[in-house]
There are 2 protein chains.
Amino acid sequence: MTTWQHIDDDQCRRFASSVELIGKRWSSGILLAIAQGATRFSEITASVTGLSDRLAAQRLKELERDLLIERQVIPTTPVQVRYVVTQRGQDLLDSLQPLVGWGQKYGTPAAN
Amino acid sequence: MTTWQHIDDDQCRRFASSVELIGKRWSSGILLAIAQGATRFSEITASVTGLSDRLAAQRLKELERDLLIERQVIPTTPVQVRYVVTQRGQDLLDSLQPLVGWGQKYGTPAAN
DNA sequence: CTGGATCCCTATCGATACTG
DNA sequence: CAGTATCGATAGGGATCCAG
């Protein structure tokens, strides 16, 4: 959980949580994919290269639980499901923008 | 690696790499600890609550390899080692600032 | 003090197959 | 279409002991 509470305590615990929200594999990719218009489950898995159905379902549940996306079920036949980014999720994406800038300023060195 | 190249390709690959740099457990905590003045190995492990020696050494190597910190060996007896944040590392911390703001705006929901 | 080397354990991942 | 179930492989983490 990365608390390092001897240093800043409160602010840092929140930060660690935030990082872990989108730090998990695929999470940020999925969130961005939805933000860019991939609303359907199959669209999402297709948009995010390498993402399997299993992980997609898992991450979508997590993102929904974290209130970053919303799941909307449309009772047609067969049933349709749409995913949309919440305001909270959009704000997160926005706050991630500087990080994108950082990645562009410095070329990714070795990428872990 | 989270490529989602059907969406934005270049920018997003960089972003995924950036996230993974500090997304690993303890990484951001260690980086911040050093930035806040914990230069010695023992100071770092003490500052980041729960961090073990093994993981500290591992993460420090990674952070050094990613050019976010610099390792300085001072040949005394016994040998001293200092860790300092590089410009690149400082810029990364700065670019993470909005994310901290996001975490404060919305209280952390469930924190994975 | 600053780590390196092991051991073991658990979480997580990817692939495959299956359901409503 | 939108997932769920199961399984084997693997990587990451914690603890402990050891070394320069």
Side-chain angles (χ1 to χ4, degrees), chain A residues 1-4 16-17 19-31 33-34 37-66 69-84 110-112, chain B residues 1-4 16-17 19-31 33-34 37-66 69-84 110-112:
Chain A
M1 175 52 91
T2 318
T3 47
W4 75 86
S17 304
V19 167
E20 284 175 14
L21 280 186
I22 42 80
K24 294 189 78 167
R25 211 175 178 193
W26 309 118
S27 294
S28 53
I30 293 172
L31 185 60
I34 299 174
T39 61
R40 312 292 303 281
F41 184 87
S42 49
E43 289 172 356
I44 294 167
T45 56
S47 298
V48 184
T49 311
L51 176 61
S52 67
D53 288 2
R54 194 178 82 78
L55 269 297
Q58 186 175 313
R59 289 292 177 271
L60 285 169
K61 264 191 270 190
E62 294 170 358
L63 290 173
E64 188 193 1
R65 190 205 51 190
D66 295 333
I69 64 174
E70 194 181 350
R71 184 175 187 265
Q72 299 173 344
V73 179
I74 306 166
T76 53
T77 314
V79 69
Q80 276 199 10
V81 178
R82 294 180 57 225
Y83 292 93
V84 293
N112 265 347
Chain B
M1 176 49 91
T2 318
T3 47
W4 75 85
S17 304
V19 167
E20 284 175 14
L21 281 186
I22 42 79
K24 295 189 78 168
R25 208 173 179 194
W26 311 116
S27 294
S28 53
I30 293 172
L31 185 60
I34 299 174
T39 61
R40 311 292 304 281
F41 184 87
S42 50
E43 288 173 356
I44 296 168
T45 56
S47 298
V48 184
T49 309
L51 176 61
S52 68
D53 288 1
R54 193 179 83 76
L55 270 295
Q58 187 175 310
R59 289 294 176 270
L60 284 169
K61 262 193 274 186
E62 294 169 359
L63 291 173
E64 188 192 1
R65 190 205 51 191
D66 295 333
I69 65 174
E70 193 181 351
R71 185 175 186 264
Q72 300 173 345
V73 179
I74 305 167
T76 53
T77 315
V79 70
Q80 277 198 9
V81 179
R82 292 180 58 225
Y83 293 93
V84 292
N112 266 348

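Proteins get letters first, then strands, A, B, ... in listed order; numbering begins at 1 in each.
The side chain of B:Tyr83 contributes no N or O atom lying less than 4.0 Å from OP1 or OP2 of C:dC1.
When rounded to the nearest whole Å, the span between CZ of B:Arg82 and C1' of C:dC1 equals 16 Å. Going from atom CD1 of A:Ile69 over to atom P of D:dA2 covers 13 Å, rounded to whole Å.
In the set D:dT4, C:dT2, D:dC1, D:dC1 carries the atom at the smallest distance from any side-chain atom of A:Ser42.
Side-chain contact check for A:Val84 versus A:Gln72: some heavy-atom pair is nearer than 4.5 Å. For the pair B:Tyr83 and B:Thr39, the minimum side-chain heavy-atom distance is 4.5 Å or more. Proximity of A:Arg25 to A:Leu55: side-chain heavy atoms (C-beta onward) are nowhere separated by under 4.5 Å.
Between A:Leu60 and A:Ile30 the shortest heavy-atom distance is CD2-CG2, 3.7 Å.
Between B:Glu62 and B:Arg59, at least one side-chain N (NZ, or NE/NH1/NH2) sits under 4.0 Å from a carboxylate O, which counts as a salt bridge.
Using a 4.0 Å heavy-atom criterion, one finds that A:Arg71 contacts the sugar-phosphate atoms exclusively.
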### Task
Decide yes or no on salt bridge (charged side-chain N to carboxylate O under 4.0 Å, His left out) for A:Glu64 and A:Lys61, but give the supporting numbers first.
CA-CA 5 Å; A:Glu64 188 193 1; A:Lys61 264 191 270 190; over 6 Å; no
### Task
Starting at the 5' end of nucleotides 13-20 of chain C, put B wherever the base has a protein heavy atom under 4.0 Å, S where only the sugar-phosphate does, and a dash everywhere else.
BBB-----
